[in-house]
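Indexing begins at 1, ligand by ligand and atom by atom, following the structure's order.
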Amino acid sequence: MKELTHYINGEHVKGTSGRFADVYNPAIGEVTAKTPLASAAEIDLAVQAAEAAQPAWAAVNPQRRARVLMKMVDLLHRDMDKLAEALSSEHGKTLPDAKGDVIRGLEVVEYCIGAPELLKGEYTDGAGPGIDMYSMRQPLGVTAGITPFNFPAMIPMWMFAPAIAAGNAFILKPSERDPSVPLMLAELFEEAGLPKGILQVVNGDKEAVDAIIAHETIQSIGFVGSTPIAEYIYGNGCAAGKRVQCFGGAKNHAIIMPDADMDNVVDALIGAGYGAAGERCMAISVAVPVGQETADRLIEALIPRVESLKVGPYTAGDDVDLGPVITAEAKARINALVDSGVEQGAKLVVDGRGFKLQGYENGFFVGPSLFDNVTTDMEIYKQEIFGPVLSTVRTDTYEEAIGHVMDHQYGNGTAIFTRDGDTARDFASRINVGMVGINVPIPVPLAYHTFGGWKKSAFGDLNQHGPDAFKFYTRTKTVTSRWPSGAKEGAEFSIPTMK
Ligand code: NAD
């Protein structure tokens, strides 16, 4: 069986802890590789290499650093098929969706080519007699990121592209479920001209994460994953004196107003609810039609579309709309939540439980399910299911619908479908959610805006990518300089103020 490695100081390095995790091909349900799980000593090895390499990288002028990112974009395009194949084989998503995963990361690399502009400081000429004042953004030093299984290309790139463009070294601890693509990305970046030690990949689990939190040299931690782990890393990382941003789970609602274009709504919900088997933090998992008549029309239109979704392995190409989920445990958890929905009184109008695919009986496939008459006290409403399950919560009024979104613990994304500008503007202005779609089901901002949720979906002050990323990965230094000419003043003992 294939034994994966770490990528430390420009070399593939075998794990030395003696601990490994199985990596599966979820479509066939078989172990295809084992990945090493790092000890604190292996994290320390990477930190030492990063610490040694970072000052020279920070001293490279921003434009030259940006040229390495330009080359990285070329190499990502060159290896797109290879990356997508490796990604699908460990994650299970379809090949077009895997390419989307790479492209959404690549777009952030492209954005970071603007680092020379984005890192420009501020300057005040003549802040006082003979006094100039300027602020500059300097890299933090050694930075680290911990990423989830569901976007093994995109989310690592969201972190390491701005970190590295700003002159930092970056240690990535990717998900142990699909670690191959992150390793490939580190190799590619070095092929693009990145010095050894600036981007390293250390595979691992909680032990590696705890070692990152405890390591004094690591200045910042970026995390994306489930909310309990986000809270753990945010709390402990901040207590350890690090700069930390953590992005957590989600439960994204789509409100469907009576005047919405129902064809558009159904297309949107099918893609956003069931694409990538619902394993997206921006998936729509709750439909909130306003008015009983709207709800009836919605359910009637959704049922045949959900029933005709094609579930299968990525190797079946265009014949597949969604693949398997990530593990046997995820499959069992999703099916158990669907059971709980039925037990708690929701109406299961399309039942995906018991789905079987001939020739892939051991694969982690879950058939798509659709619920009607879900209420807010049910587990299927309260919990993030992270599977191909759409819940419908019927409401009578817009205020009731918006109240559900506002009251939910998560606030990552949301959408409204309407033809009415007043309603759309009111929704966008009042809603307590970080990313809002108006007739757009998955409002993931492009690279030059920032990505981040509210409430229990994000912890920390700054979002991912866009201008916030350059703030997160740099600290500001402000210099006040005076070049005295003529008369010298004596010492001043009170705080200087503008006279
Ligand atoms: P996860 O929380 O299980 O794992 C994320 C990372 O944390 C992995 O690298 C994992 O090794 C590590 N980890 C797991 N258990 C840990 C522990 N006890 N202590 C320390 N580290 C630990 O998440 P996942 O299952 O890989 O990803 C799915 C979750 O990520 C969903 O909740 C999804 O909503 C969320 N997500 C959020 C965003 C966002 O931007 N808000 C984006 C993508 C995914």
- Item | Polar proximity ligand 1 side, Asp205 side, N/O cut 3.5 Å exclusive | no
- Query: What part of Glu176, side chain, backbone, both or neither, has a heavy atom within less than 4.0 angstrom of ligand 1?
  - Reply: side chain
- Best match, Ile229, Thr147, Ile213: closest heavy atom to atom 14 (C) of ligand 1: Ile229
- Message: Any heavy-atom pair between the side chains of Ile43 and Glu207 that's under 4.5 Å?
- Response: no
- Check: Tyr111 ring centre within less than 6.0 Å of His465 ring centre: no
- Query: Quick one: CD on Gln219 to CZ on Arg475, what's the gap to the nearest 0.5 Å?
  - Reply: 4.5 Å
- Message: If I compare all heavy atoms of Val440 with all of Ala415, which pair ends up nearest, and what's the gap?
- Response: O-CB, 3.4 Å
- Query: For ligand 1, which atoms sit closer than 4.0 Å to a heavy atom of Val209?
  - Reply: 20 (C), 21 (N)
- Query: Hey, is Asp210 touching ligand 1 through its side chain, its backbone, both or neither, going by heavy atoms under 4.0 Å?
  - Reply: neither
- Note on the structure: A student checking ligand 1 against Ile146 at a 4.0 Å heavy-atom cut-off should list atoms 6 (C), 7 (O), 9 (O)
- With rounding to the nearest 0.5 Å, note down the distance linking OG in Ser17 to CG in Leu37. 6.0 Å
- Task: For residues Phe189 and Phe160, establish whether the separation of their ring centroids is below 6.0 Å.
- Result: yes
- for atom 24 (P) of ligand 1, nearest protein heavy atom and its distance come out as Phe149 CD2, 3.6 Å
- Message: Among all protein heavy atoms in this structure, tell me which lies nearest to atom 7 (O) of ligand 1, with the distance rounded to 0.1 Å.
- Response: Phe223 CE1, 3.3 Å
- Which pair of non-hydrogen atoms, one from Ala268 and one from Pro441, has the smallest distance, and what is that distance? CB-CG, 3.6 Å
- Task: Run the numbers for me: atoms of ligand 1, each under 4.0 Å from some heavy atom of Ile155, listed by number.
- Result: 42 (C), 43 (C)
- Task: Check each of Pro148, Gly145, Gly225 against atom 29 (C) of ligand 1 and report the one with the nearest heavy atom.
- Result: Gly225
- Between Glu384 and ligand 1, which part of the residue brings a heavy atom under 4.0 Å of the ligand: side chain, backbone, both or neither? side chain
- Task: May I ask you to establish whether Lys173 and Phe223 are in a cation-pi arrangement, using a distance under 6.0 Å from NZ or CZ to the six-membered ring centre and at most 45° from the ring axis?
- Result: no
- Query: Can you tell me which residue and heavy atom of the protein come closest to atom 40 (O) of ligand 1, and the distance to 0.1 Å?
  - Reply: Phe451 CE2, 3.1 Å
- Could you see which bit of Phe386 sits under 4.0 Å from ligand 1, with heavy atoms only: side chain, backbone, both or neither? side chain
- Using the benzene-type ring in the case of Trp, are the ring centres of His253 and Tyr381 under 6.0 Å apart? yes
- Would you indicate which of Gly248, Gly452, Ser457 comes nearest to atom 41 (N) of ligand 1 when only heavy atoms are counted? Gly248
- Query: Nearest heavy-atom pair of Ala287 and Leu269: which atoms, and what distance?
  - Reply: CB-CD1, 4.0 Å
- Check each atom of ligand 1 against the heavy atoms of Asn150 and keep those under 4.0 Å away; list them by number with element. 43 (C), 44 (C)
- Query: Do Lys34 and Phe20 meet the cation-pi criteria used here (NZ or CZ under 6.0 Å from the six-membered ring centre, within 45° of the axis)?
  - Reply: yes
- Note on the structure: In ligand 1, the atoms that come under 4.0 Å of a heavy atom of Val224 are 5 (C), 36 (N), 37 (C), 38 (C), 39 (C), 40 (O), 42 (C), 43 (C), 44 (C)
- Task: Specify the closest pair of heavy atoms between Asn203 and Pro36, including all atoms of both residues, with the distance to one decimal.
- Result: CB-O, 3.2 Å
- Task: Have a look at Ala250, Cys281, Pro152 and point out the one with the heavy atom closest to atom 39 (C) of ligand 1.
- Result: Cys281
- Message: What protein heavy atom lies closest to atom 19 (N) of ligand 1? Include the residue and the distance to one decimal.
- Response: Lys206 CG, 3.4 Å
- Which ligand 1 atoms, with their elements, are less than 4.0 angstrom from a heavy-atom of Phe247? 39 (C), 40 (O), 41 (N)
- Query: Do the side chain of Tyr274 and the main chain of Ser369 share a donor and acceptor less than 3.5 angstrom apart?
  - Reply: yes
- So is Ser175 close enough to ligand 1, meaning a heavy atom under 4.0 angstrom away? yes
- Query: Identify the closest protein heavy atom to atom 23 (O) of ligand 1: which residue and atom is it, and at what distance?
  - Reply: Ser226 N, 3.5 Å
